[in-house]
Amino acid sequence: MKYVDKTAKAAVFVGPNKAFEVRDFLVTPPPPKMAKMELIASGICGTDVHMHRGKLGVKAPSIIGHEFIGRILELPAGSENCGLKVGDAVIADIAVPCGECPLCKNGDDANCVNMQVTNGGDIDEAPYLYGGYTEVNYTPLSNLIKIPDELDPTMVCTFACPGPTALHAFALAKKAGVVIHPDDVAVVQGLGPVGVFAVMYLHAIGVKTIYAITAGNNDKREQLARDLGATEVLNLTRQSEQQITDYIISKTDGLGAHIAFEGSGAPAAVPQALQFLRNRATYLVPGQYSNSGGIPIQPQLITFKALHIIGSSQYSIPDVEYYLQFLCDHPELHETIKKLANKYKVEQVNEAFEDAKSGNNIKTMLVK
Ligand SMILES: [Zn+2]
Ligand SMILES: [Zn+2]
């Protein structure tokens, strides 16, 4: 195939709070051990919004974004046995664990202490295009996960990062011996993509009572949470924090919830969960993905309630594979998931970011 001399558009991050610059890049053959892919869909993540607001350090200029779903256009020589072929739809996972540190060696590579990423490469040096906000992307073959033919790749994009993020937290809980029972009362804090996925997952594994806590006035989002399995949506704009805490405790015979999942990123969510969780409850905290400042907590609640608090940040390839398996196992969710995407072209990146920041979109994604 001759893609040399053709160009692809990419959105270049040029610094916090600045508009992205849409530039044309030369499309070159893939370097050794990397695939060249065309964009199918690429999500804008909460992490990207934090970066754009200057809350997470990232170099500029660079192509950010890490939720690239693409179709393989070209493979380098010598990749006959890589298990992938031209035309395959794949998820490009950005995490590159070192494989050498004690965590990697212990099967915990999502929490590698020397973690590198595939995006953020030098945009002035071929093949230029490494991140998510681009019409063509180059990713190491070892970071590509084939999407089963039965799944629509654009549908897969919706939770391509939030899904594995949430699933990794549940996997760490399982590893720690936490068993979630259908009769447990669960609380999900925050209804962004990670929180929405957690609601969906808890419902799918049979949890009958799921309270979702959100804020603001977004009826569509609240209806969605109920459609996906939330028993009730509690809203911090309509009710006080104390009223919501009291309500959860009153609904659980005065004992509190068995498990809570922090997906809001709001520091205030943490002290609230310590209040509404019961003795020996589990608190999963994958949602605090930027430094939004400290907040006083009542540490004695951790002691007196003997709480089990589990943080979780990165995910790794097994979590992505589990995510794909989850979608294959739950075809009944596909139509709803498809409706959650708000789609934009790469050149509409700034509009896409504004809409992502407004909180009106459930999932913002760039598409071909
Ligand atoms: Zn992400
Ligand atoms: Zn490592």
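Order of listing sets the numbers, starting from 1, for every ligand and every atom in it.
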Query raised in the report: Which residues satisfy the ring pair (Phe, Tyr, Trp, His ring centres under 6.0 Å) test with F159, sequence neighbours excluded?
Result: F197
Query - Proximal protein heteroatoms (N, O or S) of the Zn ion (ligand 2), under 2.8 Å - result: C98 SG, C101 SG, C104 SG, C112 SG
Requested in this report: Please check if I259 and V196 belong to a single hydrophobic cluster, counting links between Ile, Leu, Val, Met, Phe, Trp and Tyr side chain heavy atoms closer than 4.5 Å.
Outcome: yes
Query raised in the report: What about the rings of Y323 and Y315, do their centers lie closer together than 6.0 Å?
Result: no
Report task. Could you verify whether a donor N or O on one side chain and an acceptor N or O on the other, from E232 and Y247, lie under 3.5 Å apart? Result -> yes
Report summary line: Protein N/O/S atoms closer than 2.8 Å to the Zn ion (ligand 1), ordered by chain and number, come to C45 SG, H66 NE2, E67 OE2, C161 SG
Requested in this report: I would like to know whether V367 and I40 meet side chain to side chain contact (heavy atoms under 4.5 Å, CB included); could you show each step before the answer?
Outcome: CA-CA 6 Å; V367 293; I40 295 176; over 6 Å; no
**Report entry** Qualifying salt bridge (Lys or Arg N to Asp or Glu O under 4.0 Å) pairs with a residue from residues 7-18, counting only residues at least two apart or across chains
**Finding:** K9-D24
Query raised in the report: Would Y344 and N350 count as having a side-chain donor-acceptor pair, cut-off 3.5 Å?
Result: no
Query raised in the report: Which class fits the ring pair F20 and F353: parallel under 30°, tilted 30 to 60°, perpendicular over 60°?
Result: tilted
Query raised in the report: Quick one: does N137's side chain have a donor or acceptor within less than 3.5 Å of a partner on M37's backbone?
Result: no
